[in-house]
Amino acid sequence: MLAATNTNGAGALPAAAAVAACALLFTIVSFWWLNARQGKLKSYTPHSFAAAVTRSKTLIRVPLVFFNTGPKPIIVQNLRLVFLGATQNKVILPWSTTRDRIRPEKDDDPRLPSVFIVNGRAAVQVFVEFSTPFPNFIPEHREYQAMVECKLGHKGKWSELLTFSIQLGNITSPASYIAYSNEPGVIAVQDRTQAATAFESLRSTSNSANPT
């Protein structure tokens, strides 16, 4: 009888140790998942944008929302707007200023680019202005595929944040810095024709200034 009791006790001890080890592992994993996991930065297609294309520069302002899926804060060091399938293989517009709203107005004071933090499981909205001097990028009057790339504090290279369609064909007055809808096909045919003519005039000016 005593031998049987000792045998049962010896078998119960490893089982209890296994349960305790599993509980400890679950606690550690749960703590890491809830408090120490490095999440991803997500963003979403904007419903609007602001733009101006002149003989001085091309300006494009985009309202971006950054959402951090994990518990650890994410540091955003830099941003840039990349146009895919343009005249050149890849056109890059650097981050030039940060603004307070999507509509360009007199009291919308520009702020120089600066590092910002997206706290864990939080969202941040930033009105980012990208620009490049004339004639680096004179867009055609049409829809483009654009990509927002970011440089994060825990990564050493540029990484893709968001790829979306931007309706540069909705621009009706390229010389004026104003806001537009990013929905396709929202401008009248006459406005589209006039804007396309203005874009072509800018391109002709660029070609005459830089003959091949």
Side-chain angles (χ1 to χ4, degrees), residues 29-53 57-86 90-133 136-137 139 143-168 170-171 176-184 186:
V29 172
S30 298
F31 178 85
W32 172 82
W33 183 265
L34 294 173
N35 300 284
R37 176 175 55 91
Q38 181 68 70
K40 295 182 179 180
L41 204 60
K42 296 179 62 178
S43 191
Y44 309 89
T45 299
H47 291 288
S48 58
F49 67 95
V53 184
K57 64 180 68 173
T58 294
L59 293 166
I60 298 178
R61 185 185 305 188
V62 183
L64 293 175
V65 172
F66 302 83
F67 175 66
N68 182 357
T69 64
K72 291 180 64 175
I74 293 179
I75 298 174
V76 181
Q77 295 182 314
N78 205 351
L79 297 164
R80 64 186 186 185
L81 184 64
V82 180
F83 282 90
L84 309 173
K90 191 175 182 180
V91 178
I92 297 176
L93 276 65
W95 179 13
S96 57
T97 65
T98 301
R99 301 289 186 149
D100 295 324
R101 67 206 73 166
I102 187 60
R103 186 185 299 277
E105 296 173 333
K106 291 182 179 180
D107 61 343
D108 179 28
D109 293 330
R111 300 184 302 278
L112 291 176
S114 61
V115 176
F116 63 92
I117 297 173
V118 184
N119 289 322
R121 300 189 181 93
V124 174
Q125 185 179 48
V126 183
F127 296 94
V128 185
E129 184 176 85
F130 304 95
S131 70
T132 188
N136 290 348
F137 179 49
E143 175 187 295
Y144 276 85
Q145 287 298 303
M147 179 168 58
V148 177
E149 293 184 333
C150 56
K151 187 173 287 187
L152 307 178
H154 63 283
K155 294 184 178 180
K157 297 181 180 180
W158 289 97
S159 57
E160 178 183 342
L161 174 68
L162 171 69
T163 298
F164 66 102
S165 297
I166 184 167
Q167 305 295 331
L168 298 188
N170 289 347
I171 297 175
S176 302
Y177 196 17
I178 54 180
Y180 300 96
S181 168
N182 198 37
E183 297 297 321
V186 297

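Everything numeric in this text was worked out from a predicted model, so none of it was measured. Position 1 is the first residue of the sequence, and the numbers go up from there.
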Q: Does any non-hydrogen side-chain atom of S114 lie less than 4.5 Å from one of T98?
A: no
Q: Quick check against the 3.5 Å criterion: does R80 have a side-chain atom that pairs as donor or acceptor with the backbone of V148?
A: no
Q: Could you walk me through whether I75 and V115 satisfy the side chain to side chain contact (heavy atoms under 4.5 Å, CB included) test, starting with their C-alpha distance in whole Å, then the side-chain angles of each, then the deciding distance to 0.1 Å, before giving a yes or no?
A: CA-CA 7 Å; I75 298 174; V115 176; 3.3 Å; yes
Q: Looking at side-chain heavy atoms only, is the closest gap between F164 and Y44 below 4.5 Å?
A: no
Q: Kindly indicate whether the side chain of K157, heavy atoms from C-beta on, has any atom under 4.5 Å from the side chain of K151.
A: no
Q: To the nearest 0.5 Å, tell me how far K40 NZ sits from T69 OG1.
A: 7.5 Å
Q: Hey, what's the ring geometry for W95 with F116, parallel, tilted or perpendicular (30° and 60° as the breaks)?
A: perpendicular
Q: Please give me the minimum heavy-atom distance between G39 and I74, naming the atom from each residue.
A: O-CD1, 3.8 Å
Q: S165 and N182: which non-hydrogen atoms are nearest, and at how many Å?
A: O-ND2, 3.0 Å
Q: Nearest 0.5 angstrom please: L41 CG to E160 CD, how far?
A: 12.5 Å
Q: Could you give the distance from CD (Q125) to CZ (F66), rounded to the nearest 0.5 Å?
A: 10.0 Å
Q: Starting at NE2 of H154, measure out to CD of Q77 and round the result to the nearest 0.5 Å.
A: 10.0 Å
Q: For D108 and R103, work out which heavy atoms get closest and say how close.
A: OD2-O, 4.3 Å
Q: Which heavy atom of G120 sits nearest a heavy atom of N68, and at what distance?
A: CA-ND2, 3.5 Å
Q: With rounding to the nearest 0.5 Å, note down the distance linking CD in Q145 to OG1 in T163.
A: 7.5 Å
Q: Between E149 and K90, what is the shortest heavy-atom contact and its length?
A: OE2-NZ, 4.0 Å
Q: Is it true that R111 and D100 have a side-chain N and a carboxylate O under 4.0 angstrom from each other?
A: yes
Q: Could you tell me if the side chain of S48 sits less than 4.5 Å from the side chain of P63, heavy atoms only?
A: yes
Q: May I ask you to decide if K72's main-chain N or O and R121's side chain share a donor-acceptor pair within less than 3.5 Å?
A: no
Q: Rounded to the nearest 0.5 Å, how far does CZ of F130 lie from OG1 of T97?
A: 10.0 Å
Q: For E105 and Y177, test the side chains for any donor-to-acceptor distance below 3.5 angstrom and give the result as yes or no.
A: no
Q: Tell me the closest heavy-atom pair linking V186 and S181, and the distance in Å.
A: CG2-CB, 4.2 Å
Q: Using a 3.5 Å distance criterion without hydrogens, assess whether the side chain of S96 forms a donor-acceptor pair with backbone atoms of E129.
A: yes
Q: With a 4.5 Å limit on heavy-atom distance, are the side chains of I166 and I60 in contact?
A: yes
Q: Would you say that V82 contacts V91 through its side chain, given a criterion of any heavy-atom pair below 4.5 Å between the two side chains?
A: no
Q: So, S43 side chain and L161 main chain: donor-acceptor pair closer than 3.5 Å or not?
A: no
Q: Given side chain to side chain contact (heavy atoms under 4.5 Å, CB included), test L93 with F137 step by step and report yes or no.
A: CA-CA 8 Å; L93 276 65; F137 179 49; 3.8 Å; yes
Q: Below 4.5 Å, heavy atoms only, C-beta onward: do D107 and R101 meet side chain to side chain?
A: yes
Q: Would you confirm whether N170, through its side chain, and E183, through its main-chain N or O, come within 3.5 Å as a donor-acceptor pair?
A: yes
Q: Under the 3.5 angstrom rule, does the side chain of T58 hit a backbone N or O of T132 as a donor-acceptor pair?
A: no
